[in-house]
Amino acid sequence: MFNLIVTLLRGRAHDAERAFADRNAIPLLSQQTRDAANAVQSARRAVAVAIAQNEQEKSQHATIMSRIADLETRTLVALEKGSEGLAREAADTIAYLEAERDASEKAQAQFTTAIAKLKGIVRAAEARLQDLQRGERLARATEQAQKLDLAAAGSGLATLDEAEETLARLRARQSQNDTIASVLKEMDSTPRSAGIIEKLANAGCGAPLRSSADDVLARLRTRINNAA
């Protein structure tokens with residue numbers, strides 16, 4: 001008997017909740033629309049931040065390239081003067097900067113991919129938001145028209161259209177969250193794979209990821225020999 005009473009109370013509470021949602025469908029829809037607009041605005045800011053970070057990475061890359069070129073010129077002079085110790089020290093610095101250059105280029109490639117995906121998500125979200133806003137305006141107009149019809153006919157029909165539109169928007173929002181989660185998961189997996197590749201390269205498995213001082217000196221000596 002107690003279980004039946006509990007079940008009955010739960011059923012009545014559910015019915016009351018649904019009735020409340022139906023009576024307040026338009027305010028609920030308006031708040032959901034505002035929440036969606038805020039989410040889209042946050043996504044736009046995220047894209048802007050990613051673009052700014054990529055531009056900063058490009059600026060750092062240009063600085064690195066300038067330093068490498070300057071050091072190579074000075075190292076050539078040192079080699080020509082027979083300053084092997086100074087040339088080797090400079091070559092080691094060049095090798096380090098080349099590793100920084102390669103890391104910067106990889107970061108830029110990752111930024112470019114992520115920005116393109118984020119832009120696609122934002123464009124899709126903006127289109128859905130526009131549809132949602134038009135739907136809200138239509139729902140408000142429909143509700144006013146239905147109120148006139150109900151007042152004229154004395155009918156007590158429920159506002160099922162608004163509830164169905166709210167359900168459709170909730171499902172659409174969940175689908176968008178799944179897409180964003182998938183993109184973030186893919187972005188998170190890239191650095192992990194890059195770290196494994198670096199460990200393998202450092203262990204002598206496959207081609208090295210950065211040139212050594214010996215490689216730089218050999219390249220510069222070849223340049224001197226070719227110029228002679």
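What you find for E100 and I64 is that their closest heavy atoms are CB-CD1, 3.8 Å. Shown here for T33 and L129, the closest heavy-atom pair between the two residues is O-CD1, 4.0 Å. Shortest non-hydrogen contact noted between A90 and T75 is CB-OG1, 3.2 Å.
Atoms CG and CZ, from L132 and R137 in turn, are 10.0 Å apart once rounded to the nearest 0.5 Å. In this structure, H61 NE2 and E105 CD are separated by 3.5 Å, a value rounded to the nearest 0.5 Å. Note that the CZ atom of F111 and the NZ atom of K106 stand 15.5 Å from one another [nearest 0.5 Å]. In this structure, CZ in R67 is found 9.0 Å from CG in L71, a value given to the nearest 0.5 Å. Atoms CD1 and CD, on I115 and Q108 in that order, are 10.0 Å from each other to the nearest 0.5 Å.
Using modelled atom types, one side-chain atom of N225 and one backbone atom of R221 make a donor-acceptor pair closer than 3.5 Å. Judged purely by atom type and a 3.5 angstrom limit, S42 uses its side chain to pair as donor or acceptor with the backbone of N38. When atom types are taken as modelled, the side chain of T63 and the backbone of S59 share a donor-acceptor pair closer than 3.5 angstrom.
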Exercise. Determine, step by step, whether R223 and E72 satisfy the side chain to side chain contact (heavy atoms under 4.5 Å, CB included) criterion, reporting the C-alpha distance in whole Å, the side-chain angles of both residues, the deciding distance to 0.1 Å, and the verdict.
Key: CA-CA 11 Å; R223 188 184 301 177; E72 285 185 344; 3.8 Å; yes

Practice problem: Decide salt bridge (Lys or Arg N to Asp or Glu O under 4.0 Å) for R123 and E126; before the verdict, give the C-alpha distance in whole Å, the side-chain angles of both, and the deciding distance to 0.1 Å. | Solution: CA-CA 5 Å; R123 283 194 297 268; E126 288 174 340; over 6 Å; no

Exercise. Could you check R74 against D70 for salt bridge (Lys or Arg N to Asp or Glu O under 4.0 Å), going step by step and ending with a plain yes or no?
Key: CA-CA 6 Å; R74 297 177 186 276; D70 182 55; 3.0 Å; yes

Practice problem: List the steps, then state whether side chain to side chain contact (heavy atoms under 4.5 Å, CB included) holds for L138 with R134. | Solution: CA-CA 6 Å; L138 177 60; R134 284 192 291 267; over 6 Å; no

Self-check item: Test log, rule side chain to side chain contact (heavy atoms under 4.5 Å, CB included), inputs L79 and E84
Solution: CA-CA 6 Å; L79 288 172; E84 288 288 333; 4.0 Å; yes

Quiz item: Step by step, would you call T93 with L97 a side chain to side chain contact (heavy atoms under 4.5 Å, CB included)?
Solution: CA-CA 6 Å; T93 302; L97 288 174; 4.2 Å; yes

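In this structure, Y96 is a member of the same hydrophobic cluster as L217, with clusters built from ILVMFWY side-chain heavy atoms closer than 4.5 Å. The hydrophobic cluster containing I224 also contains I68, counting ILVMFWY residues as joined when their side-chain heavy atoms lie under 4.5 angstrom apart, directly or transitively.
Heavy-atom contacts from other residues, nucleotides or ligands closer than 6.0 Å to CD of E89 number 12 or fewer. Counting non-hydrogen atoms of other residues, nucleotides and ligands closer than 6.0 Å to CZ of R44 gives a total above 12.
Side chains of S104 and E57: a donor-acceptor N/O pair is present below 3.5 angstrom, by distance only. In summary, the side chains of T222 and R219 do not present any donor paired with an acceptor at a separation below 3.5 Å, with no hydrogens or angles considered.
Here the side chains of I51 and K119 are in contact, with some heavy-atom distance below 4.5 Å.
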